[in-house]
Student: 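What follows is a single structure, and I will ask about it in a moment.
When a ligand or atom number is given, it counts from 1 through the structure's own listing order.
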Amino acid sequence: MPVIIPIFIMNRGCPNRCVYCNQCRTAGDYPGRMARDAFREEVHRWLNYARRKSDPVEIAFYGGNFTGMDPGDQEELLGMACEFVDQGAVRGIRVSTRPDALGEEALALLLRYGVGTVEVGAQSLDDDILERSLRGHTAADVVRTVAVLKSHGIRTGLHLMVGLPGDSPERFAFTVDRTVTLHPDMVRLHPTLVLQDTILAQAYLRGEYRPLGMKGAVAACKFALMRFERAGIPVIRMGLQTTGELEKAGSILAGPFHPAFRSLVEASIFFDMASFLIEEASAGGGEVTFFLAPKDVSAFRGQRNANVQCLRRAYALASLSILAEPAQERGSVVMTADGRRWRLDRRAVRERDIPAWWEKEEGREEGNVSVSPLPCRR
Ligand code: SF4
């Protein structure tokens, strides 16, 4: 995974405001337009940080509809980024854009400037959810855009959201299945949050929309992560990156936000694996020892040791020990109990034992939340 230098374009090129979107909160305190000097300063700041890592660096234009901007504005930004590519300081350029904004002219411009990756804001592949979310495009637009990008050799990412208005376990599973069929090069996955100053916030305050709870969001993302991993599609991010603006009181009205959301999902997978082994071995009430790759120990324990406490309680274990085993493959769990040994690979869990993954949320409103549109620029 490259180090990404994010440059936020703050809703530029967006034809309307999607119900959940508030770039002022998700991007943080950021200028609406970035002057050349400020751009250079920002990139140099990131390059100083990236020097401590050996990973390649890419400049990314996020937070808007890049190919929906005026072509002159696109060229200006791509030209500024290309300076760094030409110097060899940066490996490549990526942009995020809408699935209905990639015409021939826009594609030609991206190719001319050597844009290597396009991240497409799909959010869902269910037309009803897209309509309720005021996305203004269809699932067919996503399918077409992914095909065009792939046919031109551009690495393609899909952004997906779970818990949008009208979403359900079946609909989310459908989106995940269709995404697997499209086989993008990468996926980002975000639970829907109710951010201040959004259409969704208005609907939430009127009681017309209720977000997923944390348990449901973790379960849904766990399901998706497992499906994507099995299909060989990397999930490069789960949950919004926290920003100073996002952390301010009142920025998030409701929804399953956690600054380390992915770690909750990984911990949940390990919990399922440990439960499976304990049940398989009929080790409840006994003494068990788990062996893990050193880098998996923290995820296995869970936040504040939550997994260990829950396993002890759920299976009335006399003792539960965890040992780091350097030779062990990442993602695998070995358990010893009563002189016997069991091993479980993460891939095997995916095949055999995906637990119920979407909590029952009584009264979760599926209504249409569209109200008076908000301006799409600050
Ligand atoms: S396309 Fe929608 S979600 Fe994306 S930046 Fe524009 S308004 Fe926000």
Student: Please confirm whether the backbone N or O of G121 pairs with a side-chain atom of R135, one donor and one acceptor, at under 3.5 Å?
Tutor: yes

Student: Give a yes or no on whether the ring-centroid distance for Y204 and Y209 is below 6.0 angstrom.
Tutor: no

Student: Assert yes or no for the condition that the ring centre distance of F39 to H44 is strictly below 6.0 Å.
Tutor: no

Student: Going by the atom numbers of ligand 1, which of them fall below 4.0 Å from some non-hydrogen atom of R98?
Tutor: 1 (S)

Student: Which of the atoms in ligand 1, numbered in the order shown and given with their element, are less than 4.0 Å from a heavy-atom of N16?
Tutor: 7 (S)

Student: Has G64 got any heavy atom lying under 4.0 angstrom from an atom of ligand 1?
Tutor: yes

Student: Out of curiosity, is Q123 lining ligand 1, as in a heavy atom under 4.0 Å away?
Tutor: no

Student: Show which atoms of ligand 1 fall inside a sub-4.0 Å distance from at least one heavy-atom site of Y20.
Tutor: 3 (S)

Student: Does R171 come within less than 4.0 Å of D128, counting only side-chain N to carboxylate O?
Tutor: yes

Student: Mark the output for N11 as yes if a heavy-atom distance to ligand 1 is under 4.0 Å, and as no if none is.
Tutor: yes

Student: Mind checking what makes side chain to side chain contact (heavy atoms under 4.5 Å, CB included) contact with E247, not counting sequence neighbours?
Tutor: T242

Student: Tracing side-chain links under 4.5 Å among I, L, V, M, F, W and Y, which residues wind up in one group with F291?
Tutor: L323, V334

Student: Show which atoms of ligand 1 fall inside a sub-4.0 Å distance from at least one heavy-atom site of Q23.
Tutor: 5 (S)

Student: Would you say C14 reaches atom 6 (Fe) of ligand 1 with an N/O/S atom under 2.8 Å?
Tutor: yes

